[in-house]
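These numbers come from the heavy atoms of this one structure, side chains and all, not from hydrogens, waters or symmetry mates.
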Amino acid sequence: MEYTIIDAHSHLWLRQDTEVDGLPIRTLSGGKSLFMGEVRQMLPPFMTDGRNTAEVFLSNMDYAQVSAAVVTQEYIDGIQNYYLMDVQTRYPDRFLVCGLCEFRRPGFLTQAKELIRKGFKAIKIPANRLALSTGRVPLNGDEMMAMFHLMEEHRLILSIDMLEGDTQVEELRDVITECPDLKIAIGHFGMVTFPGWTEQIKLARYSNVFIESGGITWLFNDEFYPFKGAVRAIREAAGLVGMEKLMWGSDYPRTITAITYRMSYDFVVKSNELSDEEKSLFVGGNAKAFYGFGALPVLPYIKNMSE
């Protein structure tokens, strides 16, 4: 069966040069980065210049027959708003990009207004980074709620990664009930390998909330391909909220240091635990409707030299 494939969780950057919790993150050579006190293989080693560009990603997407991708953001990559808006302008049919504000200190509402003015269609909150040494930034605080109402008014999508477990669930529930027309995508499949993950999944029982699986192969990395535990988790989540509320995401490029880009969804397509209809919804059908993608390219399968 042919599937329309859309990646609901990916990342792009030109260079990592930032700090998180006072610890540096810097691009090195050979795909490596200094990451909060240790050297990590941040990119595949053939990406020698450390640039994680749209053009390299598009090559991976075309090869893996991925028609479109949502580009989220994370503080560990530095704020990439300028580059991502350039990507959105140059490749409007292939990418939907998320803007990022500095949510770790007051004043981000002004930044959000500027992102809206510039034409961003979504805003990302790395809420897993909001547990600061000075206290946790609440999702239902006054400035946050003002921003969510503004996003709802302008029909922006909220992309959010949450702390593991149910720590932030009730705060986000307040947002959901206060802003019932704000479309929300919860990432990392609710931090599926941690206790309490289903509490995040259950938020998708609200009509405006969906779940995306960005990072699921990272979370099940110990069992590796074909990630049978991840498939079982997808089945469990579908039992809680319905397959029509779940979307595939890769967490590109972090996960392709261990597996190929195609493998990050292929384990779903080749599973015998899901029907063709369920696979079609999960790998692209749900995301196409949720994010509002229009006509998408039809990408042919290109045989490998080894075939």
Side-chain angles (χ1 to χ4, degrees), residues 8-9 70 72-75 98-106 108-109 112 115-116 121-132 134-216 219 233-247 249 282 286-287 289-292:
H9 188 125
V70 178
T72 73
Q73 295 201 55
E74 228 277 21
Y75 289 128
C98 299
L100 178 61
C101 305
E102 181 47 271
F103 296 109
R104 294 170 293 185
R105 47 182 177 265
F108 54 80
L109 179 58
L115 292 177
I116 293 170
K121 299 176 182 178
I123 290 178
K124 171 65 179 285
I125 300 182
N128 54 319
R129 302 288 179 190
L130 299 185
L132 311 175
T134 55
R136 188 159 53 81
V137 179
L139 297 175
N140 55 358
D142 290 344
E143 191 171 15
M144 281 284 193
M145 294 303 287
M147 183 186 74
F148 294 139
H149 280 293
L150 189 66
M151 290 174 64
E152 184 182 37
E153 177 188 346
H154 289 272
R155 300 184 181 278
L156 268 71
I157 295 169
L158 171 62
S159 171
I160 185 167
D161 298 336
M162 299 168 68
L163 286 163
E164 58 268 17
D166 62 358
T167 302
Q168 296 169 312
V169 165
E170 291 308 314
E171 292 177 7
L172 189 57
R173 195 188 310 277
D174 288 345
V175 176
I176 295 165
T177 55
E178 181 82 12
C179 302
D181 293 324
L182 175 65
K183 296 172 73 171
I184 300 172
I186 298 174
H188 293 164
F189 218 67
M191 293 301 289
V192 58
T193 51
F194 289 84
W197 70 280
T198 56
E199 296 307 305
Q200 294 189 35
I201 302 299
K202 290 175 186 176
L203 290 174
R205 290 173 175 170
Y206 292 92
S207 62
N208 56 323
V209 181
F210 280 58
I211 306 293
E212 46 94 340
S213 73
I216 198 169
L219 290 161
I234 293 167
R235 279 247 57 93
E236 183 175 355
L240 292 170
V241 300
M243 189 62 76
E244 67 276 7
K245 300 304 290 288
L246 309 178
M247 304 181 291
F282 184 76
N286 294 332
F290 180 82
Y291 291 104

Peer 1: What is the minimum heavy-atom distance between I211 and F189, and which atoms define it?
Peer 2: CG2-CD1, 3.7 Å
Peer 1: Distance from C101 atom SG to L109 atom CG, nearest 0.5 Å?
Peer 2: 8.5 Å
Peer 1: Could you grab the distance from atom CD1 of I176 to atom CG of L203, nearest 0.5 Å is fine?
Peer 2: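 If we round to the nearest 0.5 Å, I176:CD1 and L203:CG are 4.5 Å apart.
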Peer 1: Does the salt bridge (Lys or Arg N to Asp or Glu O under 4.0 Å) test come out yes or no for E74 and R129, once each step is laid out?
Peer 2: CA-CA 9 Å; E74 228 277 21; R129 302 288 179 190; 2.9 Å; yes
Peer 1: Distance check, rounded to the nearest 0.5 Å: F194 atom CZ versus H188 atom NE2?
Peer 2: 11.0 Å
Peer 1: Is there a side-chain contact between L139 and L130 (heavy atoms, below 4.5 Å)?
Peer 2: yes
Peer 1: Rounded to the nearest 0.5 Å, what separation is found between the CD1 atom of I125 and the CD1 atom of I184?
Peer 2: 9.0 Å
Peer 1: Applying side-chain contact (heavy atoms from CB on, under 4.5 Å) to I234 and M243, what does each step give before you reach the verdict?
Peer 2: CA-CA 8 Å; I234 293 167; M243 189 62 76; 3.9 Å; yes
Peer 1: Heavy-atom distance under 4.5 Å between the side chains of V70 and S159, does that happen here?
Peer 2: no
Peer 1: If only atom types and distance count, is the side chain of K202 paired as donor or acceptor with the main-chain N or O of L240 below 3.5 Å?
Peer 2: no
Peer 1: Do you know the tightest heavy-atom contact between N208 and C179?
Peer 2: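 Nearest pair, atom of N208 first, then C179: ND2-O, 3.4 Å.
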Peer 1: Given side chains that start at C-beta, do those of L100 and P126 come closer than 4.5 Å, heavy atoms only?
Peer 2: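 L100 vs P126: side chains touch.
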Peer 1: Excluding sequence neighbours, so at least two apart, what forms side-chain hydrogen bond (donor to acceptor under 3.5 Å, both in side chains) with R205?
Peer 2: none
Peer 1: To the closest 0.5 Å, what do you measure between CE (M247) and OH (Y291)?
Peer 2: 4.0 Å
Peer 1: Measure the shortest side-chain to side-chain distance between S213 and F282 over non-hydrogen atoms and say whether it is less than 4.5 angstrom.
Peer 2: yes
Peer 1: Verify, without hydrogens or angle tests, whether E199 (side chain) and G165 (backbone) share a donor-acceptor contact under 3.5 angstrom.
Peer 2: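 Flag not set: sc E199 to bb G165 has no pair under 3.5 Å.
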Peer 1: Distance-only, no hydrogens or angles: does the Q200 side chain make a donor-acceptor pair with backbone N or O of G187 under 3.5 Å?
Peer 2: no
Peer 1: Where do V137 and F103 land on the side-chain contact (heavy atoms from CB on, under 4.5 Å) test, with the steps shown first?
Peer 2: CA-CA 8 Å; V137 179; F103 296 109; 5.5 Å; no
Peer 1: Taking all non-hydrogen atoms of both residues, which atom of L182 and which atom of L156 are closest, and how far apart?
Peer 2: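 Scanning both residues, the minimum pair turns out to be CD1-O, 3.4 Å.
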Peer 1: Using the six-membered ring wherever Trp is involved, compare the ring planes of F210 and F290 and label them parallel, tilted or perpendicular (cut-offs 30° and 60°).
Peer 2: tilted
Peer 1: Are side-chain heavy atoms of M151 and L158 found at a separation under 4.5 Å?
Peer 2: yes
Peer 1: Going by heavy atoms in the side chains, are P138 and M144 under 4.5 Å from each other?
Peer 2: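 No. Closest side-chain heavy atoms not under 4.5 Å.
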Peer 1: Any side-chain heavy-atom pair from E244 and N286 closer than 4.5 angstrom?
Peer 2: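 SC-SC contact between E244 and N286 confirmed.
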Peer 1: Tell me the closest heavy-atom pair linking M191 and M162, and the distance in Å.
Peer 2: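 Nearest heavy atoms, M191 then M162: CG-O, 3.7 Å.
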Peer 1: Does any non-hydrogen side-chain atom of Q168 lie less than 4.5 Å from one of N140?
Peer 2: no
Peer 1: Are K124 and D161 within salt-bridge range, i.e. N to O under 4.0 Å?
Peer 2: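 Counted as a salt bridge, because a side-chain N and a carboxylate O are separated by less than 4.0 Å.
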Peer 1: Which residues satisfy the side-chain hydrogen bond (donor to acceptor under 3.5 Å, both in side chains) test with E102, sequence neighbours excluded?
Peer 2: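 By the side-chain hydrogen bond (donor to acceptor under 3.5 Å, both in side chains) rule, E102 matches R104.
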Peer 1: Can you see which heavy atom on P180 is nearest to which on T177, and at what distance?
Peer 2: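 The answer is CD-O, 3.8 Å.
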Peer 1: Please give me the minimum heavy-atom distance between T72 and A8, naming the atom from each residue.
Peer 2: CG2-O, 4.3 Å
Peer 1: According to salt bridge (charged side-chain N to carboxylate O under 4.0 Å, His left out), does anything in residues 164-180 pair up with another residue at least two apart or in another chain? List the pairs.
Peer 2: R136-E171, E170-R173
